[in-house]
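Okay, so here's the structure we're looking at.
Numbers restart at 1 for each chain; the letters A, B, ... are given by sequence-line order, proteins then strands.
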Amino acid sequence: MQVTGPRGTNDILPGDVERWHLVEERIRSLCRIYGYHEIRTPIFEHTELFVRGIGEATDIVEKEMYTFTDKGDRSITLRPEGTAPVVRAYLEHKLYAAGNPTKLYYLGPMFRYERPQAGRYRQFTQFGVEVFGSRHPAVDAEAIALPVHLYQALGIKDARVQINTIGCPECRPAYRQLLKDSLRDRVDQLCPSCQRRYERNPLRLLDCKEESCRRVTADVPTIYDSLCEECRDHFDRLQVYLEAAGIDFEVNPRLVRGFDYYTKTVFEFSSSSLGAQDALGGGGRYDGLVEEVGGQPTPGIGFAVGIDRILLAMERQGAAAPAPDGVKVFIASLGEAATLAAVTLLSQVRRAGIPAEMDYLGRSLKAQLKAADKSRARYAVIVGDAELAKEAAVVRNLATGEQAEVSLAEVTLHLKEALK
RNA sequence: GUGAGUGUAGCUCAGUUGGUUAGAGCGCCAGACUGUGGCUCUGGAGGCCGUGGGUUCGAGCCCCAUCUCUCACCCCA
């Protein structure tokens, strides 16, 4: 059998790639507006980075990483997310030396070994930002506003914004205990995975989608009464700032995210047009991560959005695909002498900055014009023996059918004028 | 990793209760004045019917396995 691409990967073909360009351009433009600088980190890292950064007990580290041993006997992992590598680079290159806050963004492929389904692939593309060095809640508001702005700019109308706080090492342990205590005599009513969560990560019980679990946990206390003063204040101010920035949001006390490194603010963006995997993006604050990866204690916050899912949401909401770039001029020639002249003309026209094409298949004039039409060229330049004898070429307007004879020396200038 | 569905020309799909050389539309190529496109007409190329086994006189149709894709679970972007 023919070799196919590995499972869960996609080829982005001409005709689709224009959508990607559109999204990428919007992203870069917004990052400029919001004052973020791009950082490009390697696609693979030492496995240890992710184990320490994301957390040993997370699904990603436990079962979703593309990990292999290289020829130097190092354990290497294809990056499953962007935050840990950016933190690593931030420390390695001492970017903090330039002064706080440091605002970075990245855009590129991530890898997770999962069963593919709608909007979920083994290689997928994320855009994310990270801000280091500020614990101010206005930064949290910015990290929520930027993706919202992006969705709006791309015409995704149903992007939903949910926020929550999961406290900090000061106050979270007490809440964890409170949560466990309140469920102690009902553990057996939870689904099997929630029974595991009860021991390992009780906060995750809150966002289980099982109807039965939802019922069991319906009357459980929220974290809000357990927050320390700092976390309480942070969350309150975040909401004030979001309102000030004109961002619509919902507070969801059950929103908990999958990475161990989050503290205080967590948030998620979703779209109902996506299907079961409805997350467009998400993020949160990670005030302990930098230290975990080996740096000085440094607050941080960031988000990641899935480009594949943005594209999916755009398509499902009927966004038109941008037209592929076409050529402007097609040069048709008949015979070897004319082909020689065509090569010269083509070179001149292109150097004048006009996208141009010629026939490389030795086709009949008729077929060449047909090809010109298909390439959506606006003008055809026709060179044959008759024209050559007069040192000229026929320039034909393909929309109107009008054509004129122009001397070879003036074809480029003529086209430049005509295309204005 | 678990479950369900799916797989016939480049694309979208037909293919009757298993029966001879597997079809259509679109696309592609060519011709309809041996130098003029878009429309129309005519013709042509292009499928070991996902792959490997099996049942049968005979399999695109039935059975098994395997892979792909799709959808869902888990989890997430």
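Remark: A:Lys366 is in phosphate contact with B:G37, judged by side-chain N or O atoms under 4.0 Å from OP1 or OP2. Distances shown here put a side-chain N or O of A:Arg257 below 4.0 Å from the OP1 or OP2 atom of B:A77. A:Gln277 has a side-chain polar atom (N or O) that falls below the 4.0 Å cut-off from OP1 or OP2 of B:C73. Residue A:Arg204 places at least one side-chain N or O closer than 4.0 Å to OP1 or OP2 of B:C76. Residue A:Arg396 places none of its side-chain N or O atoms closer than 4.0 Å to OP1 or OP2 of B:G37. Proximity of A:Gln117 to the phosphate of B:A72: a side-chain N or O atom is located under 4.0 Å from OP1 or OP2.
Contact annotation for A:Arg376: no contact, since no heavy-atom pair falls under 4.0 Å across all strands. No contact: A:Gly335 has no heavy atom under 4.0 Å from any strand. A:Tyr121 comes within 4.0 angstrom of a nucleotide base, judged by non-hydrogen atoms across all strands. When heavy atoms are screened at a 4.0 angstrom cut-off, A:Ala399 is found touching base atoms of the nucleic acid. When heavy atoms are screened at a 4.0 angstrom cut-off, A:Phe259 is found touching the sugar-phosphate backbone but no base atom. In this structure, A:Ala371 reaches neither bases nor backbone, as no heavy-atom distance under 4.0 Å exists between it and the strands shown. Heavy atoms of A:Gln403 sit under 4.0 angstrom from at least one base atom.
One N or O on the side chain of A:Arg122 and one on the backbone of A:Glu114 form a donor-acceptor pair closer than 3.5 Å. Between the side chain of A:Asp158 and the main chain of A:Ser272, a donor-acceptor pair closer than 3.5 Å is present. In terms of modelled atom types and a separation under 3.5 Å, the side chain of A:Thr339 and the main chain of A:Ser333 share no donor-acceptor contact. For the pair A:Glu18 (side chain) and A:Gly15 (backbone), a donor-acceptor distance under 3.5 Å is present. The backbone N or O of A:Arg79 lies less than 3.5 Å from no partner atom in the side chain of A:Thr77, so there is not a single donor-acceptor pair.
Remark: P of B:C29 and CG of A:Asp373 are 12 Å apart, rounded to the nearest angstrom. Separating the CD atom of A:Glu387 from the C1' atom of B:U36 is a distance of 11 Å, rounded to the nearest angstrom. For the pair A:Asn397 CG and B:U36 P, the interatomic distance rounds to 18 Å; values are reported in whole Å.
For B:C39 and B:C28, the P atoms lie 10 Å apart once the distance is rounded to whole Å. Here the separation of B:G10 from B:A77, taken at their C1' atoms, is 32 Å to the nearest Å.
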